[in-house]
Amino acid sequence: MKETKNFSPPVLLSLLLVAVLGFLWSGDMVPGHWLPGAVASEVAAEEVATAEGADSAQELQLRPAPRPGREDYPDVGVSSRSIVWIIAQMHLFFGALVLAVPLFVLVIELLGRSTGDARYDDMAHEFMKISITAYSITALFGGTLALALFLLYPDLMAYLMQAFGAQMLVYAMLFFMESILLYVYYYGWDAMRYGNAKWVHLSLGLLLNGVGATLMVMANSWATFMMAPSGVNEVGAVIGNIWEVMKGPLWNPINLHRFIANIAFGGAVVGAYAAYKCLAARTAEDRAHYDWMGYTSNFIAILAFLPLPFAGYWLMAEIYAYSQQMGITAMGGILAWLFIVQAVLIGTILMAGNYYLWSGMSRTEGSKRYQGMIKYIAVVLVICFLIWVTPHTLILTSGEIAALGGSHHHLLGPLGIMPAKNIAVNLMLIFTFLSFQLYRRSDKVATVSWEKAGNALMVAIYVVAIVNIIFAGVYYGYFTNTVYKVGASVTQVVSTLVVIISGVVIDAFMYRKAKTLPSFWGQVSNRSQYALFALPIAFTWLMALMGYVRSSVRTHWHVYTVMKDNSPDNFIPTIGYAGNMMTIVTVMFVLFVLFIFWIANLSNTKQAPPLSVTKKAGEAA
C-alpha cells in the first residue's frame, strides 16, 4: 500500500501532462475561439450568417493584424525597446539555465544510480541547488517581462493573443506544474534516495524535463511566428489552427539550436560555480571534489558546444530559404560585422575550453604521452582563429584605399569570405575534439588486442577529414560558382561530424575494459579554474549577440511582413548601441550569478556559537 502511494504522484502527473499536450496539439483548438472578443465576434457572425449567408460570417471572423500608429505606443520617457530588451534577455538567460541544469542533472543522477557511486548523486543534488535560486529569478523576470510587453506594446500582445489563444493559458498551467515538480524534485532528494523511491525521484526528474522542454518549444513558437508567421494570410488574419500557427518554417531549427545551446550554457555556468568553490576550498578533499565537478561541467559544456555551429548553420539556411532579404540583412548587411564579434566570442570559448583540458591533463601521469601534441593543437587553433576574425571589407578613408590599392587587401581579402571561415571553424572544432579525446584517454591504458589498428583507423579518419575540409573549402570556394560554394559547406560539416562520432564510438569500444591510471583531483593550477569563469561570460555575451541578430532581421516589423512596428524604435539600432546593451545585460547576469553562488554557499554556512553559549553548555553537562 505504501509503495503504491509512492508511485501514484508521478503516474498522475504523467497522465495530466499527456492530456494537456494532447489538448494543446489537437487540430480542433482554433486560436480565435478562446478569446472573449473572438467569442463575441463569433456570435455576431452567426447572426449575420442567418441574414446574409455563411460567407459574410466567415469574413467577419478573419480579423487582420492591427495597424498601430505612433500615437498608439505609450510614452514612458525612455526607450520602450531598451526596457523590454534588458528584461527579455535576462529572462532568457535564466530560462536557459533552469531548463538546462535539470537535463544533465537527471543523467548524472541516473549514472549514480546505475554505478552505485554516491558522488554522482551528491554532485547532481548540488547542481540543482543553483537551479532552485535561478528559477525564482527567472519567474521574477518573466512576470516583469509580461507586464512590460502588455504596457508598452499592447497592440502586438493583443495580436499574439489572437493568434495563439488558449495556448498561453496552457503555458501558464505548465509553468505551475514545472514549479511543483522542481520543488518536489529538489527538496525530496534525500527522502527518495534509495530503492524504489529513487526510481520515483528519477521519474519526477523526467517529468520535470518534459514539462520544461514543452515550455521552451511553446515560447520558441512565439519568437519564430514573429520572424516567419504561419497559419495567417497576407494581412495577418488567423486562418489556421494552433498547430499551423506554431509550426512555422523556423520553429524546429530554433528548437534544436536553443536546446543544444541551453545545455552548453548551463554546463558553463555550473562549471563557474565549481571553480568558485574549488578556489575557495579550505581542505584538499573539498578542492578535489569541486575540481571533479568542474571537469564534469566542462565536459558537458564542450560536448554540447561542438555540434552547436551545425544547428546554427541549419537555422541560417532556413532563414535564407524563407526570406533571402532577411538572410542578407543578417550576414551581408548592417549586421555582418557582428559575425566577426561572434567569431571572437566562439574563439574565446574554444580557447578557454582547450586550455582547461590541457591543464587538466596534469592530474594523471598518463598524460605525458600526449603533452607533446598540445603545442601543435594550439598553433592550429590560433591560426584558424585569426582567419575566422579576418574581415572581408574595412571602413577606410580614400587615402587608405589608395595606399592599399583597393577596398580589399590582396592577401588578407580572400580570408574574409565564407570558404576560408568554414575551413577555420571546422578545423577548430576537430582539433578541440582532439584535445577532448586526448584528455579522456590520458588516464587510461587500452587492453584490447586491436589497439594499434583502432588508433591507425582514428588517425586515418582525422587525416581524411582535414584534407577533405581544406580541399572542399579551397576548390569549391574559390574556383567554382556560388552554388557549389554553398554545397561544399555541407561536405565540411559531414566531415567534422564523422570525426566526432567515429572518435566517440572507437574510444567507447577500445577503452571499455581499459586499465585506469590514478587521477589526482585538486592538483591543478588556479589558472585552469579561471578558464571556467571565462566560459560562461563568453557564452552569455554570445547569447546576447545572437539574440540581437535574430530580432534585428525583422527590421521594422513586429511580425515580419504582417504587422509593422510604428513605434519610435522601429529601426535597427547601431552596432555601438547594441554592443553597450549586450554588455549591460552580460554584466547584470554575471552579478546575479555571483549572488546565486553566494546564496548556495550561504546555505552550507553555520555560525559558530559564541563563547558564552559554549561555556553554559559545558557547565550544564
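- When all heavy atoms of F433 and V499 are compared, the pair lying nearest together is CE2-O, 3.7 Å.
- Judged purely by atom type and a 3.5 angstrom limit, T224 uses its side chain to pair as donor or acceptor with the backbone of S221.
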List the atom pairs, donor and acceptor, that lie under 3.5 Å between side-chain atoms in residues 186-193 and the rest of the protein, sequence neighbours left out.
| residue | atom | partner | partner atom | Å |
| --- | --- | --- | --- | --- |
| W189 | NE1 | D121 | OD2 | 2.8 |
| D190 | OD1 | R193 | NH1 | 2.7 |
| R193 | NH2 | D121 | OD2 | 3.3 |
| R193 | NH2 | D122 | OD1 | 2.3 |

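- Annotation: side chain of T214 is not in contact with side chain of M177 (no heavy-atom distance under 4.5 Å).
- With values rounded to the nearest 0.5 angstrom, L545 atom CG is found 6.5 Å from Q342 atom CD.
- Between F509 and V448 there is no side-chain heavy-atom pair separated by less than 4.5 Å.
- Between F127 and F104, the two ring planes are perpendicular [angle over 60°; tilted spans 30° to 60°].
- Note that the OH atom of Y185 and the CG atom of L204 stand 8.5 Å from one another [nearest 0.5 Å].
- Here the side chain of N354 pairs a donor or acceptor atom with the backbone of L350 at under 3.5 angstrom.
- Taking the six-membered ring wherever Trp is involved, the centroid distance between the rings of F299 and Y439 does not fall below 6.0 Å.
- With salt bridges taken as basic N to acidic carboxylate O contacts below 4.0 Å, none links D443 and R363.
- With rounding to the nearest 0.5 Å, the separation of CD in E109 from NE2 in H201 is 5.0 Å.
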Check residues 263-287 and write down every donor-acceptor pair under 3.5 Å in which the side-chain atom is one partner and the other belongs to a residue at least two apart or another chain.
| residue | atom | partner | partner atom | Å |
| --- | --- | --- | --- | --- |
| Y273 | OH | E126 | OE2 | 2.9 |
| K277 | NZ | N601 | OD1 | 2.5 |
| T283 | OG1 | D286 | N | 3.1 |
| T283 | OG1 | D286 | OD2 | 3.3 |
| R287 | NE | G522 | O | 2.8 |
| R287 | NH1 | C278 | O | 3.4 |
| R287 | NH2 | V524 | O | 2.9 |
| R287 | NH2 | N526 | OD1 | 3.1 |

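- Within the 4.5 Å cutoff, side-chain heavy atoms of F94 are placed close to those of I596.
- Separation of atoms CE (M582) and CD1 (I584) is listed at 11.0 Å; rounding is to 0.5 Å.
- Proximity of the aromatic rings of Y355 and F533 is defined here by a centroid distance below 6.0 angstrom, and this criterion is not met.
- For Y120 and W292, the distance between ring centers is under 6.0 angstrom.
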Exercise for the section: Go through the steps to decide whether Q529 and L532 satisfy the test side-chain contact (heavy atoms from CB on, under 4.5 Å), and finish with yes or no. Expected result: CA-CA 5 Å; Q529 306 305 305; L532 291 181; 3.8 Å; yes

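- In this structure, the side chains of W521 and Y295 come closer than 4.5 Å at one or more pairs of heavy atoms.
- Each of L250, I254, N255 was checked for a side-chain contact (heavy atoms from CB on, under 4.5 Å) with N252, and the lone residue meeting it is N255.
- For the pair R440 (side chain) and D507 (backbone), a donor-acceptor distance under 3.5 Å is absent.
- At a cut-off of 3.5 Å, with distance as the only test, a side-chain donor of Q437 or Y462 sits close to an acceptor on the other residue.
- Interatomic distance, CE of M428 versus OG1 of T496, reported as 12.5 Å (0.5 Å rounding).
- N422 is not listed as a side-chain neighbour of I469, based on a closest heavy-atom distance of 4.5 Å or more.
- Applying the 6.0 Å contact sphere to CZ of F595 captures no more than 12 heavy atoms from other residues, nucleotides or ligands.
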Practice task
Give the intermediate values and the outcome of side-chain contact (heavy atoms from CB on, under 4.5 Å) for residues V549 and F339.
Solution key: CA-CA 9 Å; V549 172; F339 286 89; 4.2 Å; yes

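- Side chains of L92 and F141 form no contact here, defined as non-hydrogen atoms less than 4.5 Å apart.
- W358 contributes no side-chain N or O that, together with a main-chain N or O of S435, makes up a donor-acceptor pair within less than 3.5 Å.
- Formation of a donor-acceptor pair under 3.5 Å by the S528 side chain with backbone atoms of S525 is found in this model.
- Between the side chain of T133 and the main chain of A600, no donor-acceptor pair closer than 3.5 Å is present.
- Rounded to the nearest 0.5 Å, atoms CG (N262) and CG (L103) are 8.5 Å apart.
- Residue W541 is tested with V344, V587, T348, T583 for a side-chain contact (heavy atoms from CB on, under 4.5 Å); the sole match is T583.
- For K375, the NZ atom sits in a packed shell: over 12 heavy atoms of surrounding residues, nucleotides or ligands are nearer than 6.0 Å.
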Exercise for the section: Please lay out, stage by stage, how F175 and Y135 fare under the test ring pair (Phe, Tyr, Trp, His ring centres under 6.0 Å). Expected result: CA-CA 11 Å; F175 178 78; Y135 187 77; 5.7 Å; yes

